[in-house]
Structure formats: C-alpha cells, structure tokens
2 protein chains.
Amino acid sequence: MNTASFHANADLRLPRYQLIRDDLVRRIANGEWTPEQALPTEADLCEAYVVSIGTLRKAIELLVAEGVVTRTQGKGTFVRRPRFDSSLFRFFRFKSAEGQAVQPIGRVLKREIVKPNKAIRDALQMEPTEKSIHLSRVRLIDSKPVLREEIWLARPRFDALATLPLDDFGNLMYPLYERACRQIVASATETLTVEQANQEDAATLHVDVGSPVIMVNRVALDFAGTPIEWRTTRGAATGFQYQVEIR
Amino acid sequence: MNTASFHANADLRLPRYQLIRDDLVRRIANGEWTPEQALPTEADLCEAYVVSIGTLRKAIELLVAEGVVTRTQGKGTFVRRPRFDSSLFRFFRFKSAEGQAVQPIGRVLKREIVKPNKAIRDALQMEPTEKSIHLSRVRLIDSKPVLREEIWLARPRFDALATLPLDDFGNLMYPLYERACRQIVASATETLTVEQANQEDAATLHVDVGSPVIMVNRVALDFAGTPIEWRTTRGAATGFQYQVEIR
DNA sequence: AAGTGGTCTAGACCACTTG
DNA sequence: AAGTGGTCTAGACCACTTT
C-alpha cells in the first residue's frame, strides 16, 4: 500500500478503510471540499489510495453513517451541511395561532464584547485573556417570544460580527457565520436540563415564575472538531416533547 | 435466484441484501433464534439464500446497524437483547448517598385487573372488551423513592402475572416477562414531557407540589413489532439530564 | 453518450474463539 | 485444529444524472 497517502500520525495497524476514512475527514476539515463540491469519484479515490473499490466504499459508507457526507447516484459524493432548522422541532412543538408548525423568527437584541466565564472559555478552548462576542437573542412566533438564547463566540474567528449592525444579522445564525466569517458548523452536542423560570424567563416568555423551563446547552463544532459556538436556549416546558427509539 | 427463500409478500424489485435482511428479521420475530443461539454461519446463509458473501454481509450489517444482532469474530452472529438497565441513565443521573452511580431498586406496590383507557388500549392494540394487568411500581435508591411507574400489560400474554404473588416480581420487569411469560422486549419508543408535580408525585417523590417532573412514556415491542407493554415513569426533573449529538 | 454511485460476484487471507 | 467473523481484491453489470 502507498502509505504516503496518509497523515503522519495515522496508525497503520488499523484497517485500510479506517485509515482512508480518517484521512478523508482530515481533508474535509481542512476545507479541501466545500458542501457544494463533489469529492473525487470512487475510481479516482481507489487509484489515489491504492485500494480496491470494495475497501474504498466501506470507508465512504462510514462517513455516510456518521452523517459527514451524502451520496447521490449519478451525481457524486458531497460534504453534508447539517440541517439545524429542524433541530428545535426535536425538542419543541411550535405551532402558530392557526395550528400550523412554524419556524420561529430570530432577532438579536444585544451584543457585548466580554471575557467569558470559565465554563464557556473551556468549552470554546479559549485563552484566559481572550474576549468573546456575546449575543442575546429571542425567537418569536406570531411576534410572541417563545425562546431566549444566549450565544458566545470566540472573538478572533468571528471578528466580523463584532461590528456588523444588529439589524443586519438576519434570521438565522449559521448561514450568517458562513457568509460573514466563513465558519461552517459541522456538528453539535446538546444537553437538556429542566429549570424553574426566573424573573427574566417569566417576563420574556410570558410564563409564571417557578414554572418549568427547558434549557438546551449547545456546543457547535466545525469540521475539524474545534468548538466555535456556545449557546444556551431556554423555552417554556409546556411545548416540550422529545421522542427516542431504543434497541 | 432462489425466490422460494423469501416470504410471499416480499417485493422482489428490492435489492437482494434488503430482501435477505427483511427475511432474517421475520425469522427472528418468529423466534427461530433466541438471544443465546447463534444464527447460521455466513457460509450457510450464503448457500441458503444463493448469494455471494458480500451481499449476505451487507444484509447482516444492516441488522447490526439497527441493533437487531451483534457479531463477534470467532463466535458468531447473535440476536441482541436490548439493555434497558442503562435506559434510565440516559435521562436521569442517579447517585447514591456516597455519590456512586446506582441502579434503582424496583418494587411493585399494587396490581389490578382492569379495562385500560382508550389511549392505552390503542397503544397495546387491544380489543375494547379485553382486560389488562395494571401495576404500580416505585423505584428506590437508598430506600428513598426516586421514580413512580405505572405499567399496563395486555392480559392474555401476561396471564401468569395476574396471579403471581407481588413479592415474587423481583427487581426487574423485563427478565420477569421473559421468565414467566416468554415475552421478550426487543425495542421501545419513549416520549419525554415535563409536568408539574401533583399531590401524589409530591408525596411519593418528596418534592414540592408544582415543581417540575419528567414524564417518560414508553411503548415496548417484541421482535415482531407487536406492542406488549405500556409504561409511564415519573421522576423529579432535578436529576434530569439528556445529551444528543447532532450532525 | 459519458460519468456517477448502487448492486453483486467468487473468491482469498487474516484474527479471533473454542474444542 | 477447526470454525467463526473481519478485511480485502478485481473486477462486472445496472440505474441514475448530466451533457
């Protein structure tokens, strides 16, 4: 095998399909292919990695299973952009006044440039002296607030957002990150807990103080696995529902 | 191909690995292999289905991905029994007084033979006149109740439990179902919602009335996909935490 | 028509488990 | 030593998309 194809740190005792998979994620993380460009064809990759098609396919099937790429017959293999639009619907059942399922509208209320607390600094792997951009955001349905969001971003990567007028932030954050800062969110980890509404929750979300509130903490990562956004979302537990399959 | 291998309803336009996968789940549902017995070897299955090893492996890899079977090199392929022990830990972080993670002890408090309400009857696919076994159960850590459970079982399948002394139910339900009624839980769907503690919750779980409570509704299925148990579990939201990965 | 991924073959050799 | 799954080959033909 042509070992020169692989990264220096690769453990050559691993199966070849595993080495190829690891090499492909490394190259995707390096931005070698964007979500719009197709990866090389199976034939080309077979030649480059000096393996047979079966081995190569096994590597790519791993990436498909992980959600890193999608394949379409006749078109090619593409880096996948995760669909966060539907993310909220995993947890909250939002309906408009007419009972239609709706995507809440996002609006940034406040921005400050601050040093984050230790928990956020650790999560974003920031130096103790580094500053972050902190955004306060609400999400509305029929002009009524349904979610409160606090967002922290490591300053250097998102410098463009430190000066952009708040009115230009638009409805969705992740397309903005991509447009204004060339930062693509590739995956995320969310942790759910339940709290009781404090004064601020009660005022913003129009619920009683002490009533249950869902808190979703999210750490969003780029393709290299580097954390780029820390976000906490709070919403009334009334609209909360989550379903899991167990095997 | 030897079409005689497949069930009459099989759609022969599907890929062979898909047909083989479907046939294997059908046979597993029929109880052809228990979780202790190995399935036939790859070589035997290749011969039986008249396909090459690559095609057969693809079928079995689907089952592995779905969690229906597990494979062990040198040993064989086995029907998988889902591990529900850890299920609670997906939602609740239970710790003993010493801070150790613990499995709560289960105790059945009450049993009645009743006609279930419509929601439960529908979930268990029961006839309007059929009766069910209703169990009330608590789960304890350090002798303190942490979870309240209400369980409904369709009478015919679980007749043995209608007369079994409550003291003989033991700690875990699913091993009991298997032992006493030969019913194996193969999968389940759980739905989480948040409520506020009522009087009974408050008394049993030692929380304040109105404080947040997690409710987990579970429908458990056998290998054939038939619902066999309906269960609702309630616990204080204080100990609740759930984590999800998004791609 | 050319190029892509999707399905499938008929083997080989290796690593692990059990008698 | 025999039997199991795990890895890998070097192709073939098919179905779909694009030119």
Side-chain angles (χ1 to χ4, degrees), chain A residues 1-3 5-6 10-24 28 32-80, chain B residues 1-3 5-6 10-24 28 32-80:
Chain A
M1 177 177 45
N2 179 7
T3 55
S5 310
F6 297 112
D11 182 347
L12 297 179
R13 293 168 303 182
L14 290 171
R16 295 189 197 178
Y17 67 82
Q18 194 54 256
L19 293 171
I20 294 172
R21 177 241 165 240
D22 292 347
D23 195 60
L24 288 172
I28 290 170
E32 197 159 333
W33 306 288
T34 68
E36 283 76 22
Q37 292 172 296
L39 267 63
T41 67
E42 294 185 337
D44 289 352
L45 288 171
C46 284
E47 202 175 329
Y49 286 113
V50 198
V51 292
S52 77
I53 182 141
T55 305
L56 181 86
R57 291 189 68 91
K58 180 131 188 178
I60 294 186
E61 271 157 22
L62 285 177
L63 296 179
V64 172
E66 293 171 50
V68 176
V69 301
T70 49
R71 320 191 79 190
T72 319
Q73 194 176 31
K75 295 182 78 173
T77 304
F78 298 85
V79 173
R80 182 167 166 272
Chain B
M1 177 176 45
N2 179 9
T3 56
S5 309
F6 298 112
D11 182 347
L12 297 178
R13 293 167 304 181
L14 290 171
R16 296 188 197 177
Y17 66 82
Q18 193 55 255
L19 293 171
I20 293 172
R21 177 237 166 244
D22 292 348
D23 195 60
L24 288 172
I28 289 170
E32 195 157 335
W33 307 286
T34 68
E36 284 76 22
Q37 292 172 296
L39 266 64
T41 67
E42 295 184 336
D44 288 352
L45 287 172
C46 284
E47 202 175 329
Y49 286 114
V50 197
V51 292
S52 77
I53 182 142
T55 304
L56 181 86
R57 291 189 69 91
K58 180 131 188 178
I60 294 186
E61 271 156 21
L62 284 178
L63 296 178
V64 172
E66 293 170 51
V68 176
V69 301
T70 49
R71 321 192 78 189
T72 318
Q73 193 175 32
K75 296 183 78 173
T77 304
F78 297 85
V79 173
R80 182 167 165 274

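These figures come from a predicted structure and were not determined experimentally. Labels below follow one simple rule: chain letters A, B, ... track the order of the sequence lines, proteins then strands, and each chain is numbered from 1.
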Starting at atom [atom1] of [X], determine the distance to atom [atom2] of [N], rounded to an integer number of angstrom.
X     : N      : atom1 : atom2 : answer
A:L56 : D:dG11 : CG    : P     : 16 Å
B:F78 : C:dT17 : CZ    : P     : 12 Å
A:L14 : D:dT7  : CG    : P     : 10 Å
A:E42 : D:dA12 : CD    : P     : 15 Å
A:E47 : D:dT9  : CD    : P     : 14 Å
B:L62 : C:dC8  : CG    : P     : 11 Å
A:Q18 : D:dG6  : CD    : P     : 14 Å
B:L45 : D:dT4  : CG    : C1'   : 13 Å

ask   = Among side-chain atoms of A:R16 and A:T55, is any donor-acceptor pair under 3.5 angstrom?
value =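 Result is no, nothing qualifies.
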
key: Test applied, side-chain contact (heavy atoms from CB on, under 4.5 Å); reference residue, B:L45; option that passes from B:I20, B:I53, B:L56   =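 Answer to the side-chain contact (heavy atoms from CB on, under 4.5 Å) test with B:L45 among B:I20, B:I53, B:L56: B:L56.
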
request  = Before accepting this row, confirm whether a basic side-chain N of the pair B:E66/B:R80 lies closer than 4.0 Å to the acidic partner's carboxylate O.
outcome  =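 Here B:E66 does not pair with B:R80 in a salt bridge, since their nearest N and O are not under 4.0 Å apart.
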
message = Going by purine N1 to pyrimidine N3 plus the second Watson-Crick contact, or the G-U wobble pair, all under 3.5 Å, which nucleotide sits opposite C:dT18?
response =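 Pairing partner, where one exists within any strand: D:dA1.
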
request  = Both distances under 3.5 Å, Watson-Crick or G-U wobble: report the partner of C:dG11, or none.
outcome  =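 The answer is D:dC8, by the H-bond criterion.
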
DNA chain D: 5'-proximal contact among A:P15 and B:T72 (nearest heavy atom) =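 Closer to the 5' end of DNA chain D: B:T72.
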
request  = Between B:E61 and B:D44, just flag the one whose closest nucleotide in DNA chain D comes earlier from the 5' side.
outcome  =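 With B:E61 and B:D44 compared, the 5'-side residue is B:D44.
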
So, OP1 or OP2 of [N]: does either fall under 4.0 Å of a side-chain N or O from [X]?
X     : N      : answer
B:T77 : D:dG5  : yes
B:K75 : C:dT18 : yes
A:R16 : D:dT7  : no
A:K58 : D:dC8  : no
A:T55 : D:dC8  : no

Quick check for you: among [options], whose closest atom lies nearest to any side-chain atom of [X]?
X     : options              : value
A:I53 : C:dG5, D:dA10, D:dC8 : D:dA10
A:R57 : C:dT9, D:dG5, C:dG6  : C:dG6
A:V51 : C:dA15, C:dC8, D:dT9 : D:dT9
B:Y17 : D:dC8, C:dT7, D:dC16 : C:dT7
B:S52 : C:dT9, D:dG5, C:dG6  : C:dT9

Residue pair A:K58, B:E61: steps toward the side-chain contact (heavy atoms from CB on, under 4.5 Å) verdict = CA-CA 11 Å; A:K58 180 131 188 178; B:E61 271 156 21; 3.9 Å; yes

ask   = If you draw a 6.0 Å radius around CD in A:E32, do more than 12 non-hydrogen atoms from other residues or ligands fall strictly inside?
value =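 Check passes, neighbour count above 12.
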
key: Contact check, side chains of A:L24 and A:W33, non-hydrogen atoms, under 4.5 Å   =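 Contact flag for A:L24/A:W33 side chains = yes.
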
